[in-house]
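Here is the structure we will look at, set down as structure tokens.
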Amino acid sequence: MPINYYIFLAIALFSIGIVGVLTRRNAIIIFMCIELMLNAVNLLLVAFSKKHYLVELERLKVAGLEAVTNVGTDGQLFVFFIMVVAAAEVSVGLAIIVMMYRNIHSVDVNFLNRLKH
Amino acid sequence: MQLTNRSIEVSRKPLTWLEKLYVWNIIKGMAITFSHLFKKRPTINYPEQKRPFSKIFRGLHVLNRDAEGRENCTACGLCAVACPAEAITMEAAERLPGEENLYREEKYAAKYEINMLRCIFCGLCEEACPKDAIYLSQTFAPANYARKGFIYKKEDMLIPHPINEPEAYQKALGEKSVKN
Amino acid sequence: MYLLVIDWIFLLEKFILVGFIVTLSLIIAMYTTYAERKVAAWLQDRRGPNRAGPFGILQPLADGGKLFFKEEIIPLASSKFLFILGPSLAMITALLTSAVIPWGGTLHIFGKDVSLQIADINIGILYIFGVVSLGVYGIMIGGWASNNKFSLIAAIRGASQMISYELAMGLSLLAVLMLTGTLQMSGIVGNQIQGSNVWHVIYQPIGFFIFFVCALAECNRTPFDLPEAENELNFGYHQEYSSMKLGFYLFAEYINMFISSAVMATLFFGGYDILPFVDETKWGLSGNMLTILGFCALMAKTFFFLFVFIWIRWTIPRFRYDQLMNLGWKKLIPLALANMIITAAVVLWLNK
Amino acid sequence: MIPVLLILIPLLGGLSAFFIKNEKSSRIWTLLISLIVLVFGVYGVTLKAGAAGLTYNGEWMQALGGSFSVALDGMGQLLCLLTAIGFPLIFAATWNNTYKNANRFFALMLLSQAGLMGVFVAMDALLFYFFWELALIPVYFLCSQWGGEDRIRVTFKFFIYTFVGSVLMLIGILYLQSQTPDHSFSIYSFYKLELSPNTQSWLFWLFFAAFAIKMPVWPLHTWQPDTYEKSPGAVTMVLSGIMVKMGVLGLIRWLLPVFPVAAYSWGDVVGTLCIIGIIYASLIAIRQDDIRRLIAYSSIAHIGLMCLAVFSANESGMQGVMIQMFNHGINIIGLWILADIIEKKYGTRKMSGLGGLAQQAPVMSIFFVIIALANIALPLTNGFVGEFLMFNGVINTASNYYFIFIIGAGMGIILGAVYTLNMVRKTFYGANIVPSSGMPDLSWNEKLALSVIVIIILILGVYPQLFLNISEDISKMIVNKVDVRGLISK
Amino acid sequence: MNALILSAIFGVLMMFSGVMLKQKASVRNIACTGMALLLIAVLLEMKGVVLFNVNTTGMLSFTRFTLVFNAIIFFSTFIYLLLSAREMENVGVNYAEFFALIFFILCGVVLVTAFKSLLILFLGIEIISIPLYILTGSDKRNLKSNEASLKYFLMGAFSTGIMLMGIALLYGARGSFATDFSDLMTAEKPSPLLIGGILLILFSMAFKVSAVPFHFWTPDVYDGAPTVFTSFMATIVKVAVFVGFIRLFNDSFDETQKQWRFVIAIITAATLLVGNITAVFQQSVKRMLAYSSIAQAGFMLLAVYAMNSDSWEGLLLYAAAYCFATIGIFAVLAKMNDITFSGFNGLGKKDPLVAGTLSVFLFSLAGIPLTAGFLAKFYMLKAALSVNGSLWLVILAVLMAAVSVSYYFKVLQAMYFKEPDISSDQTVIQAFKQPVFRWSLIVLAVFIILLGLFPGLLLTWYYF
Amino acid sequence: MIIIKILFGFLTVVAIFSALMMITSKNPVYSVLWLIVTFFSISGHYILLNAQFLAIVNIIVYAGAIMVLFLFVIMLMNLNKETEPQKNRWIKMIGAIAGGCLLLVLVAALKDVGLKKQVAMVNGGDIGLIKNLGKELFSTYVVPFEISSILFLSAMVGAVVIGKKE
């Protein structure tokens, strides 16, 4: 697959996530949209990692070297770390949202205006 | 004051660590249930096999006839009075001429109903009956689809005619001896 | 990456295998319901179902038929799609797990080696985990879609219970993975067959214990059957369900039992290994024979575990909810962690 | 060492004054310190510029390219002397004024003196900037705490104005430093810079903004009348008598020599601003009823003339400015002292509410008249010498528009005479409409202070050579620097 | 490395101390001791004593700058704990956990200042952010705090997403997460991936340091969070992220400066303008300080804009000056009931010492000479001036500095020139009487003045 | 290769469609479910790229844990259509336009990237296998790995601090 396809797909998902963040008013859904953004990033990273792997493989082939390389693993590991962080973030984020809900019985971010005055 | 010597001192010791684990107790419990796999099963295959009733089992009511096949009941109402659940209703009627072969006395029960849903099978009606017209048999009330079906009419309870259908009569009589 | 390579015979083989395994799971699940009733009866000194067919063998069919022909009720206030999705998901996730379990060695049929494993992917255990973690959705969606507070509470209970126990389960598995060094299910079984042929339960009794307890919880079996605690929640998350949708839920539970028994057998009891400490290849049996025997051995182990599941159900009373959570988070997870660390230390020490 | 002492003594004296809780002793302590400073100041003036005692180069902030380099040149000597004389005079004249938290008041006064001294002697741009701000802060506190009504807002306006100016200057300083080969802030390195006319141009305006606000020059003057009016008397004296000179000094020492080309090319614009300022301020002063505001506007006019003379950039003008800085300081302090006394005594500063004071307080009126005459530069007073030289300078300016400048400057002098004499007339003569306050004419301390001022006025009026000698070298040097490219000489 | 590992250890320690120790004071003392030890560890590392020798496989590099900066941070935190630890206990019952979270944040700070890989940067920023979300919302029954926390969290997660996209694009361009991008710049035309990545990262970093137009969360969050924690996040965290910012852009994108410099210039200008102008109109000191932190961020952005040796030194100095002063002000504010300007009325009379130190802090923030704040601004301006065509920015900066005086001096005016309210709270004054508090304030003030006079005290650490 | 293309297209369409449904669904529960579908299709993409480990971890972590938590919270709060707040149409429009602009800008900026005909390797290469990843993770990336434990610890402490009732 041309890398462009993956870039466009990832960016499309990313933009959908951003649109969601901007248009939705439910804190949980905003948060979900952020997760979607992270996933778009993950997909892009994996695609790039494979791209770099392929490029390195070609290079090695041209150079006549043994075609064993682990170029690209770092991209996938980064994805792994993103997932780790996302999990941590979710635990905290949902705790905060629940705390909020306990107090105002709503998760509408439009109600977050107490600080404006 | 100690009335009996059966009271046991309750131990208030906190559970030890091992006891708190419960593992041993769980294993014990499992062993107990497992041992039941090999116990003899008291269950019987009911409709095929039946367990015998005791002699004094009180089942469905039967309205008795005498040896000539005449109904014993005179609609005196003592059974209805005795009934604690007020399950019995009856209507009396005078015996017309030519009906002597049907009713033993001049007065008979034109209508005799027992509501089996109310009846508690205490047997007081049997006790109260001076004519030995009602007794509790060893069968119990079969299931029914409607409430109405549980209101037993006289026809439902009358014992088969001893002369016309002697076999059925004997069967219905069961172990009950005819006390005439 | 088999899915992407078109090898028709291979595909056919796999289809047959899938069909076989799925049918097998369904049948076993069916008969587990029967076994449950039977064993329950025995443990309670009763006889159990014995009317349909000899010894009541046709009872599951009768039950199934009854469920099929009962009236289908979808509550008016429920969300219909999700209401149907719930049991379907439960069923699908239950069946998916069987794909990576090695049901036996390889058969030689028509000059081909046929592996008795649908997909020998190198992340088998993770796959199982993934699928198991999806099992929650069936319960949650079904419970929520019913639009009934009892169902909802039960669904939430079920979800939190499953999430909580998944952790301890994973941790207990890690110890096994340290011993084997692979996530491949066939590798794990192979590890128990090779060499001195020691089953993992010998090295990992605590790990097995934890896994077993967690398996009980994951399957919502007593003493962890809080989601369907009938005395508090009427009937739990499937209260509003009727007919075969209810049947799916019940079925999924039994399939889960079956699969988790199989997984336990595979991970801790040598899988299709017939006996521990014995090298079966020296018995002089043909390969196919051994494979079939192995399959039977696995089934035997699985049935044993199924029996234990049932046995426990009729012995141990249900936990209270807080006790359940305490057990999961405060007892099992630390225990599993300790087990893991000790295992790691020993492995490091032995391998130097 | 003298410049260091001039800074350090009031600084330490001021800091220690914070801890003298007793009002009386803090007053005495402050006066004592200011007198010690005066001694050193006078000593400094007696030395010839360039003497070893008048420069000091310390190590400080070398990483930044700064140094603690201070020196007293001719201009510095004059201004330090002014500061050294001014403060004891102010203290003496306001001896009887009572202040809440007097120790803080005096401490802050001394601190501001230290800052002023620092500005006058700093030969390092960073140091200069430091003292520039340091002089401002105590004054801010003084005005805000002890001033009249609405003081906080007014003082704040003053502070913001000056601060904006100074930070703009900071940019200029930073840029200059980055241009110097040795990355130093030393003024001598700045003097050596050869900047392109374009660069000079914008740098010129950055610096000029700071100085113009401080002096103040016309469109930037709006803070001044309010501040002078609302500040406590002693502070007003410091502000208008001494602090204003910071701006002029900045022009002479930091602006002209560093940006000669820009000074030449923008000289006309600045000159125009000055002329507008002179006439505008004079006209407004004529319309004033409030003595303080009148003096304030007169100060704008005088400073405008000085600024004009500075930009004429010739020796005569430069020297005139230097002398006039001192003279103006002394005169205006005198005027403020008198305005303060009048206000204290009669409870008003409105000329419409005063009149005929000459009969009630003859001594005061004598002093007032003398000082007022000096302010309008009557011959034989000190003001005359300065104004004459400045006027001379303006006439000889290299600008093509010198004609306008001459007319403007002349107008300023004439108008100055108008409003000053008007004030004298309205206040001291005419119908006696002020009830006798029953207070003595002048108390001894006021007499003392005013006498000193009058003596200085007269001495310098008669023998200006005393100061002309001092300022000669430095003004030559500056003019040379400006003229180094032969721009001024036509 | 010392600091990283020790702070993690202390974080865990504090976590358990909450369970083990019943006395609040002992928990507090442990935290302060831990902080002091951390500080010592960093100083030791500067002397070449590395307690933990970990092979970081090139992902972390503890340069001189990092160490000096960490020393500043740890010192600030130490003082912060001395000043405000008591207030932390009033926020919630989980005070020990708050200390633990602060130690964890310090871990993140170390990472952000020492990263050599974008992965570490990402992790570091997250380690900083996640505890901050918690601390912001730690006053659980206060709706404002809840709201601030939620807002901060959503915004923070969003910006993290954007940053990750940037990192992904960079990875696409580069094939590695190391921050050395020099080989990419050899191409005559930089890849669009690279530019897109830089821009996205720039935006997200601008968000993290609350630069305009990504600042909108800041006032609300700072206002809503408990004052003690506002203090922490407005100072230590903010400057740490700045260091990450400048490190990233210096290490990675130095060669592409022309691509992003103009963007930064605009962001800087906007930040200065909005931060300062809006701050003028605030009624509450806390909110004013929030906007002032935006304004100060604008100044610090000048360092990123200029990116030369001056800006490094300047950032160190700025960090110190800004942290010290803001921590001091917040420490006083945290003890007050009335956080509007009128709350400060007459403080100069009621408690001259506190008022005096406060004025030093305010002077420093406003950039009045002889305080560290002046030199910090000085460095920033100097750094920025060395860039061609930056005059407009510098002039804007100094004008805004002048504007900033107007709101800082409002506090001064309240303290010195306004009469105290009749109902002035005597307990507040009592709260100021703790000797530790007073001495810490004095130490801070002395440091600010010392740094203002002799910046070499700090900067020599950087070089030697 | 054709089958890969078909799969790719299918997964892409599913991913984008379900993502769109996610942000447009009125009911939060439906949003969650659509998001799960998106995650699955992304996992499918991973499998296409032979990143098996990530595919399965994506399912375990996102679909299996994170989304369960979301669903959990939504159910706890009993949010449904009726509680979904009404929102100004304009803001919605502006949001959509902003997102669209971002999409356009990014696509326009990045459309030239593939001019060199760079291709992401599909169905091959073993870097995505857990063995390789594990080796790399515990050698080169061991420091970040340990660091992420701090992250988790702090998240844990934080969640307890926030979640515990006082």
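It should be emphasised that the depicted structure is a prediction, and the values quoted were computed from it without experimental measurement. Convention: sequence-line order gives letters A, B, ...; per-chain numbering from 1.
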For this session: Give the intermediate values and the outcome of side chain to side chain contact (heavy atoms under 4.5 Å, CB included) for residues D:Ser178 and E:Leu385.
Result: CA-CA 8 Å; D:Ser178 68; E:Leu385 259 182; 5.6 Å; no
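- For D:Tyr129 and E:Phe378, the ring centers sit 6.0 Å or farther from each other.
- Only the backbone of E:Ala366 comes within less than 4.5 Å of a heavy atom of chain D; no side-chain atom from C-beta onward does.
- In this structure, the portions of D:Ser144 lying under 4.5 Å from any heavy atom of chain E include both its backbone and its side chain.
- Contact detail for D:Phe130 and E:Pro369: the closest heavy-atom pair is CD1-CB, 3.6 Å.
- Atom CZ in D:Phe163 sits 10.5 Å away from atom OG in E:Ser406 (nearest 0.5 Å).
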For this session: Evaluate the criterion side chain to side chain contact (heavy atoms under 4.5 Å, CB included) for residue pair D:Ile137 and E:Phe363; output intermediate values, then yes/no.
Result: CA-CA 10 Å; D:Ile137 302 281; E:Phe363 282 147; 3.6 Å; yes
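- Comparing D:Ile171, D:Leu168, D:Val164 by how many heavy-atom pairs each has under 4.5 Å with chain E, the most go to D:Ile171.
- Heavy-atom contacts from other residues, nucleotides or ligands closer than 6.0 Å to CH2 of D:Trp266 number 12 or fewer.
- Annotation for D:Trp29: atom CH2 does not count as buried by contact number, only 12 or fewer foreign heavy atoms lying within 6.0 Å.
- The distance from the CG atom of D:Leu170 to the CZ atom of E:Phe374 is 5.0 Å, given to the nearest 0.5 Å.
- The number of heavy-atom neighbours closer than 6.0 Å to CG of D:Asn198, taken from other residues, nucleotides and ligands shown, is 12 or below.
- Using a 4.5 Å cut-off between heavy atoms, D:Ile173 makes no contact with chain E at all.
- Neither the backbone nor the side chain of D:Leu136 has a heavy atom closer than 4.5 Å to any heavy atom of chain E.
- When all heavy atoms are compared, the tightest approach of E:Gln413 to D:Phe156 is NE2-CD1, 3.2 Å.
- Atom CG of E:Leu391 sits about 6.5 Å away from atom CG of D:Leu206, to the nearest 0.5 Å.
- Heavy-atom pairs under 4.5 Å with chain D peak, among E:Leu375, E:Val398, E:Val403, E:Ile368, at E:Val398.
- Neither the backbone nor the side chain of D:Arg153 comes within contact range of chain E; no heavy atoms are under 4.5 Å apart.
- With a 4.5 Å cut-off on non-hydrogen atoms, D:Ile152 touches chain E through its backbone and its side chain both.
- Atom CZ of E:Phe447 has 12 or fewer heavy atoms from other residues, nucleotides or ligands within 6.0 Å.
- In terms of heavy-atom proximity, E:Tyr416 sits nearest to D:Gln145 at O-NE2, 3.4 Å.
- Of the two parts of E:Ser386, neither the backbone nor the side chain holds a non-hydrogen atom closer than 4.5 Å to a non-hydrogen atom of chain D.
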Exercise. Could you walk me through whether D:Val167 and E:Leu399 pass the side chain to side chain contact (heavy atoms under 4.5 Å, CB included) check?
Worked result: CA-CA 7 Å; D:Val167 288; E:Leu399 287 180; 5.6 Å; no
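- Heavy-atom pairs under 4.5 Å with chain E were tallied for D:Trp146, D:Phe141, D:Tyr175; the largest tally goes to D:Phe141.
- Side-chain contact between D:Trp202 and E:Ile395 is absent, with no heavy-atom pair separated by less than 4.5 Å.
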